[in-house]
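Given the structure is predicted, the values throughout are model-derived calculations rather than measurements. Residue numbers start from 1 in every chain, and the chains themselves are labelled A, B, ... in the order their sequence lines are given, proteins ahead of strands.
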Amino acid sequence: MPELPEVETIRRTLLERVLGLNIIEVKVLWPPVAQNWQDRIFAEVVCGRKIESIERRGKYLLFTLDEGWSLVAHLRMTGRLNYYSCVQVPERHTHLVFSLNQGELHFSDVRKFGRIQLIPTDLRFRLASLAKLGPEPLDADFTANTLGKRLASKKTNLKTALLDQRVLAGLGNIYVDEALFRSGLAPERKVCSLSADEIGKLYGAIREVLQASILAHGTSLRDYRDANGRAGNFQDLLQVYGRGAQPCLKCGRLLEKIRLAGRTTVFCKSCQS
DNA sequence: ACTAACCTGTAA
DNA sequence: TTACAGGTTAGT
């Protein structure tokens, strides 16, 4: 479900609700969600901890707790983190309930792909999944030059390269297609064939589309909601994603829909090359 | 570099 | 009934 703008929106809405609160009880309703920990031990460690900060890295949410512990969450396709100010009966697909000293935080996930991992804070970035992530596209020190270097070693097409979290952290199927359309580059273009000027356009498009989506609180097509249960609005501003066979908003030609990197890919054959 | 696997729900 | 869905990974 969520890509960078959605995870960032969840982070921001969570901050307003749970920062500084204490976890007073943990219920693990579906044990595999806690990954490598026995659910009883997971609950034992997390119980009594205070939520000291919530950060984002790519599509991961990092909760720093006190006593040197952290929770690392990935929502995959349909995971949700929902805050309730009052005690709430868990809905159908809820796998984890954190009772706080003020309200409750529920983790639910229809498809059961999402995970919340408990790990000592100082070992966080040793997690293979976090260690291999590429740069944050919205960081101040991420430049077009950095993007160029990241892409330089790749022999694949643009779509495949941009979906690769080791190249750049946080893009998924929606924002790759949107950024490529906005930069006028075809998803099938070989990465090594890009000029410096094209890298610059791609860089600008990636940053712009991510910023715009965060401003709109993310894209809600089906499942995505922020921590308050509210949908985002960026679905109204998508230019290609989900618009296969519909007219291009720039030139009117019908958009192409192909399969690339195992994902549905939509683009305009006239506007993107 | 692709595909299957992990899951459930929804729409064609 | 089949295909497909904001993702990642382990296996060819």
Side-chain angles (χ1 to χ4, degrees), chain A residues 1-11 29-36 56-61 72-81 90-96 107-117 127-134 137 153-181 187-188 190-192 206 209-210 212-214 216-227 230-245 257-266:
Chain A
M1 157 186 41
E3 303 178 34
L4 189 153
E6 291 75 36
V7 179
E8 179 60 22
T9 304
I10 292 169
R11 186 184 79 85
L29 306 178
W30 187 67
V33 75
Q35 226 151 6
N36 50 340
R56 180 188 57 73
R57 180 74 176 94
K59 302 171 190 170
Y60 292 83
L61 277 174
V72 176
H74 198 302
L75 305 173
R76 295 289 180 98
M77 298 288 264
T78 52
R80 280 192 201 181
L81 282 164
E91 52 129 61
R92 191 158 153 63
H93 298 287
T94 301
H95 304 137
L96 214 41
F107 171 75
S108 64
D109 186 356
V110 169
R111 293 178 71 179
K112 297 179 173 170
F113 292 167
R115 294 291 183 270
I116 296 193
Q117 186 152 6
L127 283 176
S129 46
L130 288 180
K132 68 182 186 193
L133 288 179
S153 58
K154 295 283 159 188
K155 305 178 74 174
T156 50
N157 58 58
L158 266 175
K159 172 87 179 198
T160 305
L162 293 176
L163 281 175
D164 187 343
Q165 302 298 297
R166 295 169 300 189
V167 172
L168 195 59
L171 295 183
N173 207 26
I174 293 178
Y175 299 106
V176 168
D177 278 13
E178 292 296 315
L180 287 174
F181 178 73
E188 297 150 300
K190 288 279 181 264
V191 166
C192 58
I206 289 170
V209 75
L210 293 176
S213 181
I214 290 172
H217 307 292
T219 301
S220 291
L221 295 165
R222 286 170 286 272
D223 304 280
Y224 163 69
R225 296 293 183 276
D226 70 18
R230 298 188 55 160
N233 302 300
F234 200 71
Q235 60 278 9
D236 300 333
L237 299 171
L238 296 175
Q239 299 184 3
V240 284
Y241 182 89
R243 298 194 61 247
K257 184 164 110 174
I258 63 171
R259 202 141 182 103
L260 211 51
R263 318 293 299 275
T264 297
T265 301
V266 182

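The nucleotide C:dA3 finds its pairing partner in B:dT10, both defining distances of the Watson-Crick or G-U wobble pair being shorter than 3.5 Å.
Considering A:Glu178, A:Glu3, A:Lys159 as possible partners of A:Asn173, the one that fulfils the side chain to side chain donor-acceptor pair (under 3.5 Å) test is A:Lys159. Each of A:Leu163, A:Val209, A:Leu210 was evaluated against A:Leu171; a single residue qualifies, A:Leu210, per the side-chain contact (heavy atoms from CB on, under 4.5 Å) test.
One can place CZ of A:Arg259 at 15 Å from C1' of B:dA1, the figure rounded to the nearest angstrom. With rounding to whole Å, A:Lys112 atom NZ is found 13 Å from B:dG9 atom C1'. Spacing between atom CZ of A:Arg80 and atom C1' of B:dG9 amounts to 13 Å, rounded to whole angstrom units. Note: CG (A:Leu260) to P (C:dC4) measures 15 Å, nearest angstrom. Going from atom CD1 of A:Ile258 over to atom C1' of B:dC2 covers 15 Å, rounded to whole Å. At whole-Å resolution of the value, CD in A:Gln235 and C1' in C:dA5 are 15 Å apart.
At the phosphate of B:dG9, OP1 or OP2 sits under 4.0 Å from a side-chain N or O atom of A:His93. Side-chain N/O atoms of A:Thr264 include one lying less than 4.0 angstrom from OP1 or OP2 on C:dA5.
Although no hydrogens or angles enter the test, the distance criterion places a donor-acceptor pair under 3.5 Å between the side chain of A:Arg57 and the main chain of A:Leu133. Not one N or O on the side chain of A:Arg230 forms a donor-acceptor pair closer than 3.5 Å with the backbone of A:Ala227. Judged by distance alone, the side chain of A:Arg56 and the main-chain N or O of A:Gly58 form a donor-acceptor pair under 3.5 Å.
Backbone-only contact: A:Thr156 has heavy atoms under 4.0 Å from sugar-phosphate atoms and none from a base. When heavy atoms are screened at a 4.0 angstrom cut-off, A:Asp109 is found touching no nucleic acid atom at all. Note on A:Arg115: nothing from the nucleic acid sits closer than 4.0 angstrom, heavy atoms only.
The P atoms of B:dA1 and C:dA5 are separated by 22 Å, rounded to the nearest whole Å. Distance noted for atom P between B:dG9 and C:dT8: 22 Å (whole Å).
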Nucleotide by nucleotide, nucleotides 7-12 of chain C touches protein heavy atoms under 4.0 Å in the pattern (B base, S sugar-phosphate only, - none) BBS---
Intermediate values then yes/no, side chain to side chain donor-acceptor pair (under 3.5 Å), A:Arg259 and A:Thr264: CA-CA 5 Å; A:Arg259 202 141 182 103; A:Thr264 297; 3.2 Å; yes
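Note on ring orientation: taking the six-membered ring where Trp is involved, the planes of A:His74 and A:Tyr60 are perpendicular (angle over 60°, cut-offs 30° and 60°).
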